[in-house]
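Report on one structure; see the data block that follows.
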Amino acid sequence: MFTTFLINDPSGDPGAYLELKYRRGAFLFDLGDLQNLPPRQIRKIRHILVSHTHMDHFIGFDHMLRICLGRNQHISLFGPPGFLANVESKLGAYAWNLVKNYTNDFELAVTEVHETKRITRYYRCRNSFLPEDEETCTVFGSKLIEDDSFIVKTAFLDHSIPCMAFSVKEKTRLNIKKNVLREMDLPTGAWLTGLKEQIMNNEPGNAPVRIWWKTEEGRLLEKFLPLGMLQKKVVNITAGQKVCYITDAVWNDENIERMIELARGSEILFIEAPFLHEDAATAAKKYHMTAHQAGTLASMAGVKRFIIFHFSPKYKGKTDALQREAANAFQKSNNG
Ligand SMILES: [Zn+2]
């Protein structure tokens, strides 16, 4: 469960905001114009996922910096090859002689993502944002970040330069119904962790679950019940939902395959649709997609809902046509 929205009108700078219900801190997709995002929401941001550093996707860096400066905040940023130099140019554009005395320290952990390696560098306000420690690791696969409650994945797309698309997926949540435990005369305690693990490992319904507890005298007691029965009665399972953000990509076979793989089964897909299909040639020349392609892709990836954005200024006043074209393509592709 989550809250997510485009930061600007679909004709404005690209960018989306995402808050997961069960996790503190928000995600930001892209760093375009952020004037429409209230400062209190900017201060909640913990992860910023930048597709590429064309100006309309990165000009909001300064605004974010200004809002967060002087706060005890830690933000992790991720971006494509060249990202560290881009960030350092931004940070290097100002004089920082007075920040040493700030009582709070604003920290940035910036990761430059390559297909097979990641370089993370750290910067702190009180150290004038000079580059500090650096870590490099070799990676394969699409996983970018993982913690207890979510996984972020990425895909590199061709936009004449590498452009990153992102998905954020909540992990499945298992909640124990304590009132039912009481009714069944079962104790709470560490055995519930084992129960959750057995469920997550998809063990069969007849697998025994060890329930154990200590009496007041310290004697260890145990009993066994079948997993399937416990799962049905005692556990509430909430499947994690996925939000995907795709922008600035040309319509070609490799991009299509990567986009479908990343977006598959999303609850919401944000996807660029700068052009009408009658202007497909212009779209291709600029390494962008059309509304028809966006709607088709949303259908191919089996997403529940999709939101188009990044409209070209040439459709000012007639953006309904883009919405209609994308919706029709989605429906047609779903029915065919
Ligand atoms: Zn763009």
Side-chain angles (χ1 to χ4, degrees), residues 4-18 27-37 45 47-64 77-83 85-87 89-90 112-113 144 154-168 243-252 254-256 258-259 262-263 268-277 279-298 306-316 318-319 321-323 325-326:
T4 192
F5 52 85
L6 282 178
I7 290 161
N8 298 307
D9 176 274
S11 300
D13 277 3
Y17 185 86
L18 168 67
F27 296 84
L28 186 67
F29 298 106
D30 268 340
L31 256 180
D33 183 0
L34 296 182
Q35 304 286 340
N36 285 333
L37 195 60
I45 294 168
H47 295 93
I48 302 179
L49 309 164
V50 178
S51 63
H52 63 304
T53 52
H54 279 160
M55 202 172 195
D56 49 338
H57 299 257
F58 197 50
I59 199 165
F61 183 92
D62 286 22
H63 186 76
M64 177 277 294
L77 290 101
F78 296 81
F83 193 54
N86 292 140
V87 168
S89 304
K90 288 271 192 193
E112 180 173 304
V113 184
L144 197 58
T154 188
F156 275 100
L157 303 177
D158 178 9
H159 178 49
S160 79
I161 53 169
C163 179
M164 290 164 72
F166 304 99
S167 72
V168 179
V243 175
C244 188
Y245 178 90
I246 295 176
T247 191
D248 294 64
V250 68
W251 187 256
N252 67 25
E254 199 170 348
N255 273 354
I256 294 168
R258 289 176 175 213
M259 291 189 286
L262 187 75
I268 292 189
L269 165 66
F270 292 100
I271 184 162
E272 74 151 7
F275 294 95
L276 282 175
H277 210 62
D279 297 317
T282 314
K285 215 162 69 193
K286 300 188 174 209
Y287 286 82
H288 278 295
M289 284 186 275
T290 67
H292 174 81
Q293 291 160 348
T296 306
L297 190 105
F306 71 106
I307 296 169
I308 57 170
F309 66 104
H310 210 354
F311 300 164
S312 159
K314 77 182 277 189
Y315 305 105
K316 207 166 181 192
K318 9 174 214 185
T319 56
L322 289 159
Q323 298 284 6
E325 183 176 289

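Just so you know, these numbers use all the heavy atoms, side chains as well, and skip hydrogens, waters and symmetry mates. Indexing begins at 1, ligand by ligand and atom by atom, following the structure's order.
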Does the side chain of N8 pick up a donor-acceptor pair with the side chain of N36 at under 3.5 Å? yes
Of all the N, O or S atoms in D248, the one nearest to the Zn ion (ligand 1) is OD2
Please check if any side-chain donor atom of S51 sits under 3.5 Å from a side-chain acceptor atom of D248, or the reverse. no
May I ask you to check if K286 and F275 form a cation-pi contact, with NZ or CZ under 6.0 angstrom from the six-membered ring centre and within 45° of the axis? no
May I ask you to check if any N/O/S atom from H159 comes under 2.8 Å of the Zn ion (ligand 1)? no
Among L77, L34, L49, V50, which residue meets the side-chain contact (heavy atoms from CB on, under 4.5 Å) test with L28? L34
So, is H288 placed with an N/O/S atom under 2.8 Å from the Zn ion (ligand 1), counting both backbone and side chain? no
